[in-house]
Amino acid sequence: MAAAYNHKVVEKKWRGNWEAHPINVNDGKKPKYYCLDMFPYPSGSGLHVGHWRGYVISDVWSRYKIMHGYYVIHPMGWDAFGLPAENYAIKNGVHPRISTANNVANIKRQIQDIAAVYDWDMEVNTTDPEFYKWTQWIFVKMFKAGLAYEKEMPINWCPSCKTGLANEEVVNGCCERCHSVVTKKNLKQWMLKITAYADRLLEDLDKLDWPEKVKKMQSDWIGRSYGAEVDFKVEGRDESITVYTTRPDTLHGATFMVLAPEHSLAKSLATDETRKDVEDYIFRASTRSNIDRMQDKEKTGVFTGSYAINPLNGKKVPIWLSDYVLADYGTGAIMCVPAHDDRDFEFAKKFDLPIIQVIAKDGKEIENMTEAYTEASGTMINSGEWNGMESSVLKKEAPEMIEKLGFGKKKVNYKLRDWVFSRQRYWGEPIPIVHCPDCGCVPVPEDQLPVLLPEVEKYEPTGTGESPLAAIDEWVNTTCPCCGKPAKRETNTMPQWAGSSWYFLRYVDNKNKEELVSREKADKYLPVDMYIGGVEHAVLHLLYSRFYTKFLHDIGVVDFDEPFTKLFNQGMITGKNGIKMSKSMGNVVSPDDLIEDYGCDALRMYELFVGPPEMDAEWDDRGIDGVRRFISRFWNLVSDNADKNFAETDEVVKLRHKMIYDITTRIESFSLNTVVSGFMEYTNKLIDIAKKQGGIDKATLETAVTLLAPFAPHVSEELWEQLGHTTSVFEGNLWPSYDEEAMKDDEIEIAVQINGKMKGKVTLSVDADKDTAIAAAKAALGDKYPENTVKEIYVPGRIINIVAK
RNA sequence: GCGGAUGUGGCGGAAUGGCAGACGCAGCAGACUCAAAAUCUGCCGAUGGCAACAUCGUGCGGGUUCAAGUCCCGCCAUCCGCACCA
């Protein structure tokens, strides 16, 4: 009888062995496989079992690939700049540089407890000057390419974080980080022209093996639409107003026009009678937050007193202002066709404006219209020369017709906006720009990078729209790299997404002082083959990374233009009742105690056993006992039979091939929870057989240990050694293959049904013919077999169903 | 409002259209023990029945099929995403 399983002894031993003899070495000959986790920001509360889940999934996948002969690039690093780290530092009164270093040390210890095959030589940290030098370098390159520009405009402002935010960081009108209601603030901002890549970001989604949900979120976010810009002359003036519409087919039905209150002409359109109301409305709109506007149940608006001329039919249409028209989309002005647009219909009803139907519904004009007819299908009516055309056809042709008629043009629009890139905060990469009174914005020369983040006493945000860096005169005052005259440094910092937009490129060449990544290494090791992380970054990090990669492709740094070939989103682990784990809820489960009590291998397997990897799961500590019991039983099975040299039997050989088949196909389909239950099932069967026949052959034990290795690496290594091996189970492409013939049964038990209801079972040879099967069913059912049968169904290997009256 | 996902025992969850509830947790009973823990064995959807067994049962209502948790149509609930983008 071998010694009982003791996780502390086994895990300590193999952790040491792996350190002395690494199992995933790059010999230059193996094919590469890059399996990446979304790197964490080093929070103060450490890791909980939910973070563990993603890391376990990626490690199982990495080890599985190693066992197929790949050199697996599996790195880890720290996303340590940005709001989360800085807010934590402020709250605890510790300088972010110090708190970040402490948190990294703690989380690194916790991550090492997973026993994943991370290559710590590749570690990166976004706050390391050797790293952010390249974050700044990319910005300079973008500036030179005309993709980074300065602009004064009203942007999203978080009053609590005291900084501007990107559109992507505003969720339901609130700050993505602290959930405060976001307001508007007029600020001079650095912007990145992500919109220049809108088409490529949209179209290249097709070549990605990503969850459909994420692709859809990105394509909705980019929001491309086709339509036309149409110019309406203002009556009695020289000016005209351009509107954007996706429904130029309905132009004859445009009975009024609405401008955003922020539209440049809004004020000047007022007449003496309307001036006071118009100015009031504009003022009120300027004081309201997006969230207030969104919560309006009824539309508001004001008539300017002016009219525009519909260029197609010369009719006068009144010009209104309303805040349901967005200033920063399209042209900030729309033509309104109440008969065919829900919002215009509502507005027309409220303010008693005319409604003219121009598309027939079911071939006729609707009497007493109660809602807009929004579909582009039906014959055009009330539309002059367009009468009789099919609206869906006209919709496509109208932009060109309008262009020919000379009062507009074809136009493609996007919901995607340029990326607000300045943060009025301390803990980020300084934007490497110098403001010179003579030369304007001058990028810091590439050989002078990085622009180091200066040490400061006061790093709290000022709230004035200036970064804390603005208060450090000796840092701000510099000379112009261009003309040498006195100049000032840009004091805003980059958003937390800057480093994470390209970090995955740096891992494979993290010590390179000359280049972001050498082209040789990039070609050899990139891009990422498998990326694993939560879905919360769908339109943030994952969109920004694609943008950065495309840019770096365009300037020749890398030869691919998509960073992550395959993406897997693991589900969230929550506390009881699906409540998100958080310090404030007091429901955080730390892995530390569980490792101590049950061992790393048991926790790894339980993380997978809680449910399908892509689904959320409620954590319940109690279930881990089952996995731990399984490991002990497995240990005893292998350990007790290791030296017996028991001869293999047909029954066990068949089971062995089935086991390889089941485990392998389940891993390939990422059904990792059923891999664990599969191990339990096969182990239980083998234990029963071992009792019955007195032992299990070595080949079967070796197969089982090999299959288990990616999941419970320590136990597997130890048992592999007990089976007489002197090298690691992860060396030498040991993943077993199955033989379809060998796993086939000769006889199989199938169910007998009468009218689809289970009535009994028969054991038949797999190639039994129908007559044999029916005879067996008659024998099994005896006098329950119906007399007046209508039909007898026999599906070999599956079912017998007797249909009777 | 629009879009997506999910809905199966006390619980987590399994089921290429073919025996619903695998596997595990919890529970119950037994073995071992002076006893407990650990371990092992058995039971474990509901209703009726001593039992064999019968009937019902995968959110609800229809449909297709010899056969539906699975496919189709229509609802309901929960969660997530987007939300006046003209």
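Per chain, numbering begins at 1; letters A, B, ... match sequence-line order. It should be emphasised that the depicted structure is a prediction, and the values quoted were computed from it without experimental measurement.
Considering only side-chain atoms of A:D341, the nucleotide from B:A86, B:G24, B:C82 that sits closest is B:A86. Comparing B:G24, B:G13, B:C84 by their nearest atom to the side chain of A:D323 picks out B:C84. For A:R622, counting side-chain heavy atoms from C-beta on, the closest listed nucleotide (B:C66, B:C82, B:C25) is B:C25. The A:K757 side chain lies nearest to B:C56 when the options are B:C23, B:C56, B:G13. Residue A:I334 has its side chain nearest to B:A86 when only B:C66, B:A86, B:U41 are considered. Looking at the side chain of A:M680, the nearest of the listed nucleotides B:A83, B:A20, B:C23 is B:C23. Distance from the side chain of A:A751 is smallest to B:C19 among B:C19, B:C66, B:G13. Residue A:D625 has its side chain nearest to B:A26 when only B:A26, B:A86, B:C19 are considered. Each of B:G24, B:A83, B:C19 was ranked by its minimum atom distance to the side chain of A:F609; first place goes to B:G24. Comparing B:C23, B:C66, B:U39 against the side chain of A:N684 picks out B:C23 as the nearest.
We find that CG of A:L259 is positioned 17 Å from P of B:A86, with the value rounded to whole Å. One atom, CZ of A:F679, and another, C1' of B:A14, lie 17 Å apart when rounded to the nearest Å. Atom CG in A:D688 sits about 11 Å away from atom P in B:C23, given to the nearest Å. The nearest whole Å value for the distance from the CG atom in A:L251 to the P atom in B:A86 is 17 Å. Rounded to an integer number of Å, the gap from A:Q753 CD to B:C19 C1' is 7 Å. Rounded to whole Å, the distance from NZ on A:K576 to P on B:A26 is 13 Å. Atom C1' of nucleotide B:C80 and atom CE of A:M217 are separated by 9 Å, given to the nearest angstrom. Atom NZ of A:K685 and atom C1' of B:C23 are 11 Å apart (whole Å).
Counting non-hydrogen atoms under 4.0 angstrom, A:S225 reaches the backbone sugars and phosphates but no base. Note on A:E792: nothing from the nucleic acid sits closer than 4.0 angstrom, heavy atoms only. In this structure, A:V610 reaches the sugar-phosphate backbone alone: every heavy-atom distance under 4.0 Å involves primed, P, OP1 or OP2 atoms, never a base. A:K691 comes within 4.0 angstrom of the backbone, heavy atoms only, and of no base. A:K415 comes within 4.0 angstrom of a nucleotide base, judged by non-hydrogen atoms across all strands. A:D620 comes within 4.0 angstrom of nothing in the nucleic acid, heavy atoms only. Residue A:E212 is out of contact with every strand shown, counting any heavy-atom pair closer than 4.0 Å.
Between A:W619 and A:Y606, the ring-plane angle classifies as perpendicular under the 30° and 60° cut-offs. The aromatic rings of A:W635 and A:Y5 are tilted relative to each other, their planes meeting at an angle between 30° and 60°.
In terms of position along RNA chain B, the nucleotide closest to A:M615 lies nearer the 5' end than the nucleotide closest to the other residue of the pair A:S677 and A:M615. Annotation: of the two residues near RNA chain B, A:I793 and A:D344, the 5′-most nearest-nucleotide partner is A:I793.
Neither side chain, A:N413 nor A:S225, offers a donor N or O lying under 3.5 Å from an acceptor on the other.
Residue A:Y329 has a polar side-chain atom (N or O) positioned under 4.0 Å from OP1 or OP2 of B:A86. Put simply, A:K791 has a side-chain N or O that comes within less than 4.0 Å of OP1 or OP2 on B:C66. Phosphate proximity of B:C25 to A:R628: absent, as no side-chain N or O sits under 4.0 Å from OP1 or OP2. In terms of phosphate contacts, A:R629 brings a side-chain nitrogen or oxygen within less than 4.0 Å of OP1 or OP2 of B:C25. At the phosphate of B:A14, OP1 or OP2 sits under 4.0 Å from a side-chain N or O atom of A:N673.
Both distances falling under 3.5 Å, in either a Watson-Crick or a G-U wobble arrangement, occur for no nucleotide opposite B:A26. Base pairing annotation: B:G74 forms a Watson-Crick or G-U wobble pair with B:C60, both donor-acceptor distances under 3.5 Å. With a cut-off of 3.5 Å on both pairing distances, the Watson-Crick or G-U wobble partner of B:A31 is B:U39. Summarising the base pairing, B:A52 is matched to no nucleotide, lacking a Watson-Crick or G-U wobble pair whose two defining distances lie under 3.5 Å. In this structure, B:G21 makes no Watson-Crick or G-U wobble pair, since no nucleotide meets both defining distances under 3.5 angstrom.
A cation-pi geometry, defined here as NZ or CZ lying under 6.0 Å from the six-membered ring centre and within 45° of its normal, does not hold between A:K350 and A:F347. In this structure, A:K770 is not positioned above the aromatic face of A:Y794 in the sense of NZ or CZ being under 6.0 Å from the six-membered ring centre and within 45° of the axis.
A gap of 24 Å separates the C1' atoms of B:U55 and B:U65, to the nearest Å. Comparing the P positions of B:U39 and B:A46 gives a spacing of 27 Å, expressed to the nearest Å. One C1' atom belongs to B:A29, the other to B:U64, and the distance between them is 47 Å to the nearest Å. Here the separation of B:C75 from B:C66, taken at their P atoms, is 28 Å to the nearest Å. Rounded to whole Å, the separation between the P atoms of B:G21 and B:C43 comes to 14 Å. Nucleotides B:A5 and B:G59, compared at atom C1', are 15 Å apart to the nearest Å. Taking atom P in both B:U58 and B:G45, the straight-line distance is 16 Å, to the nearest Å. With P as the reference atom, B:U47 and B:G10 are 10 Å apart, rounded to whole Å.
Distance alone, capped at 3.5 Å, places no donor-acceptor pair between the A:D323 side chain and the A:A285 backbone. Using modelled atom types, no side-chain atom of A:E375 and backbone atom of A:S377 make a donor-acceptor pair closer than 3.5 Å.
Checked against the 6.0 Å centroid criterion, the rings of A:F670 and A:F568 qualify as a close aromatic pair.
Side-chain atoms of A:K761 and base atoms of B:C19 include a donor and an acceptor less than 3.5 Å apart. Scanning atom types as modelled, one donor and one acceptor separated by under 3.5 angstrom connect the side chain of A:K299 and the base of B:C84.
The closest side-chain heavy-atom distance from A:P591 to A:L603 is below 4.5 Å.
For B:G9, the O4'-C1' to base torsion is within 90° of 0; the nucleotide is therefore syn.
Of all heavy-atom pairs between A:I624 and A:A602, the closest is CG1-O, 4.2 Å.
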